[in-house]
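Scroll down for the structure; my scribbles are underneath it.
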Amino acid sequence: MKVVLVDSGGANIGSVRYALERLGVQAAMSADANVIRAADRVILPGVGAAGPAMARLNELSLVDTLRSLTQPLLGICLGMQLLFDDSEEGGVACLGLVPGRVRRMPESAGVRVPHMGWNRLRPTRPSSLLEGIDDGAQAYFVHSFAAPVTDDCLARCGHGEDFAAVVQRGNVAGAQFHPERSAATGARLLENFLRTGLA
Amino acid sequence: MLSRRLIPCLDVKHGQVVKGVRFRDHVVMGAIEDLALRYRDEGADELVFYDITASPEGRGVDVAWVERVARIIDIPFCVAGGIRSVAQARAVLHAGADKVSVNTPALERPELINELAAEFGVQCVVVGVDSLRDADGQWRVRSHTGDPDKTRALSRRTLDWVVEAQQRGAGEIVLNCMGNDGVRTGYDLEQLRAVRALCRVPLVASGGAGTAEHFVQVFQDADVDAALAATVFHSGAVRIPELKATLRAQGIEVRDVA
């Protein structure tokens, strides 16, 4: 199986590659549209801000490539946010593969932003991506912006308000948390993605 | 609900984990990878590695061990020590660290915090603050704390620096209360409460943990998001699985230990 990590300049790309290695998969890192299109699984990692990340995808001429993929695509953290229509962060248009707008998480008493640490996943419906992951399983989050809970949401999470922790729409999925840093829960999600795609 | 985090701190000196008392008299605790795996298995929520001699020796972090750690562990970790530029931070993050923590270089050139936040996002940027109460009762910051002979007392007030660091883009603050460091008499609750009142981003308490009860106190009385410790974890005086059971019994949300 050919797994490609989209080299969009995100700083966590190494960590995601190592997590796949721990599952016995050697992933290629590439910003080449042909390599990405030929992969069986595509992962879009991301740490940083939406504006610079979309600018980089535009520079690399990868926006149309990512929009037209038919194989399973998984966005991680910022990579998941980029799947949506647009982001309040920098006010940029994103890939538009999942409807909705990514917004800054509201602060309130005891609710600090960035949302940083281990929080519980609340699956909203059965899915192959979350198979074997229990209601209340904990995952590691670190982010200041979040996507809304919509029909595409597979698992929600609460920090002040509820937000989408895992989404899927057809062949496109995203995890707001970091599976590469979420111990057994994260490894299971990656394993599910590799094994069953998003069937 | 977001869990409170327990963070073993591994001071790194010349490629090994060391621990001293009040930042002096460092004793070798073991190999970096062995301790990283041990704490991961015991249920640590995150790890911090401080290259404690990088700043005093005027060099950057050796990214080779950062990459080795990133390969073997599946929990987040932060790297501190000697990061004084966007390029050095990028090298550490690309090697697999999840966050970088800056201390002395941020005091010398506060714009570094803005630059790191603009480049990597605030969630990657931790500002470490070493603080000590002066004779006049004010808490003030210290720099170059990796080497006691080079440590400098600055005129900058700790509370002012915590506010400024957040304005510049700190996504998390680690407050190390040096008066309590390594002495196991409990966290400096008074100072942590004062900083908590001014800190809107996650706050990590550091310095003074001796018993499980000290962790209960720091979460309940100072409302910190995470507690960092070294001595009690290294010595086995406090074991993470039992500590989590104690915290949970007090109604404090913690991550389940597998």
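What's counted below: heavy atoms across the whole structure, side chains too, no hydrogens, waters or symmetry copies. Numbered from 1 within each chain, the chains take letters A, B, ... in sequence-line order.
- The NE2 atom of B:His94 sits 10.0 Å away from the OG atom of A:Ser15 when rounded to the nearest 0.5 Å.
- Among A:Glu89, A:Glu107, A:His159, A:His115, the residue with the largest count of heavy-atom pairs under 4.5 Å with chain B is A:Glu107.
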Discussion item. Side chain to side chain contact (heavy atoms under 4.5 Å, CB included) for B:Asp74 and A:His178? Distances and angles first, verdict last.
Written reply: CA-CA 10 Å; B:Asp74 57 4; A:His178 285 273; over 6 Å; no

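- A salt bridge links A:Arg112 and B:Asp225; the closest N-O separation between the charged side-chain nitrogens and carboxylate oxygens is under 4.0 Å.
- Highest contact tally toward chain A, considering only B:Arg196, B:Arg4, B:Lys99, B:Glu46, is held by B:Arg196 [criterion: heavy-atom pairs under 4.5 Å].
- Between the CZ atom of A:Phe141 and the OG atom of B:Ser3 there is a distance of 11.0 Å, given to the nearest 0.5 Å.
- The main-chain N or O of A:Ser144 is never found under 3.5 Å from a side-chain atom of B:Gln123 such that the two would form a donor-acceptor pair.
- The two residues A:Pro114 and B:Gly171 make their nearest non-hydrogen contact at CD-O, 3.5 Å.
- For a residue to count as touching a neighbouring chain, one of its non-hydrogen atoms must lie under 4.5 Å from one of that chain's; by this rule A:Ser182 touches chain B with the backbone only.
- B:Leu203 does not touch chain A: none of its heavy atoms, backbone or side chain, sits under 4.5 Å away.
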Fill in: Test log, rule side chain to side chain contact (heavy atoms under 4.5 Å, CB included), inputs A:Trp118 and B:Ile75
CA-CA 10 Å; A:Trp118 296 80; B:Ile75 58 170; 3.9 Å; yes

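- Looking at A:Ala183, the atoms closer than 4.5 Å to chain B (heavy atoms on both sides) sit in the backbone and in the side chain alike.
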Practice prompt. Apply side chain to side chain contact (heavy atoms under 4.5 Å, CB included) to the pair B:Glu172 and A:Met116, showing each step before the final yes or no.
Written response: CA-CA 9 Å; B:Glu172 184 171 71; A:Met116 193 183 283; 2.9 Å; yes

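- Considering only heavy atoms from C-beta on, B:Pro76 stays 4.5 Å or farther from A:Val142 through its side chain.
- Of the atoms belonging to B:Glu67, heavy atoms from both backbone and side chain fall under 4.5 Å from chain A.
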Worksheet item: When you look at B:Arg71 and A:Glu21, which way does the side chain to side chain contact (heavy atoms under 4.5 Å, CB included) test go after all the steps?
Response: CA-CA 8 Å; B:Arg71 278 181 190 276; A:Glu21 279 179 14; 2.7 Å; yes

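- Remark: the backbone N or O of B:Ile73 is paired with a side-chain donor or acceptor of A:Arg22 at under 3.5 angstrom.
- Salt bridge status for A:Arg181 with B:Asp45: absent, with no side-chain N to carboxylate O gap under 4.0 Å.
- B:Arg200 places no side-chain N or O within 3.5 Å of a backbone atom of A:Val113 that could act as its donor or acceptor partner.
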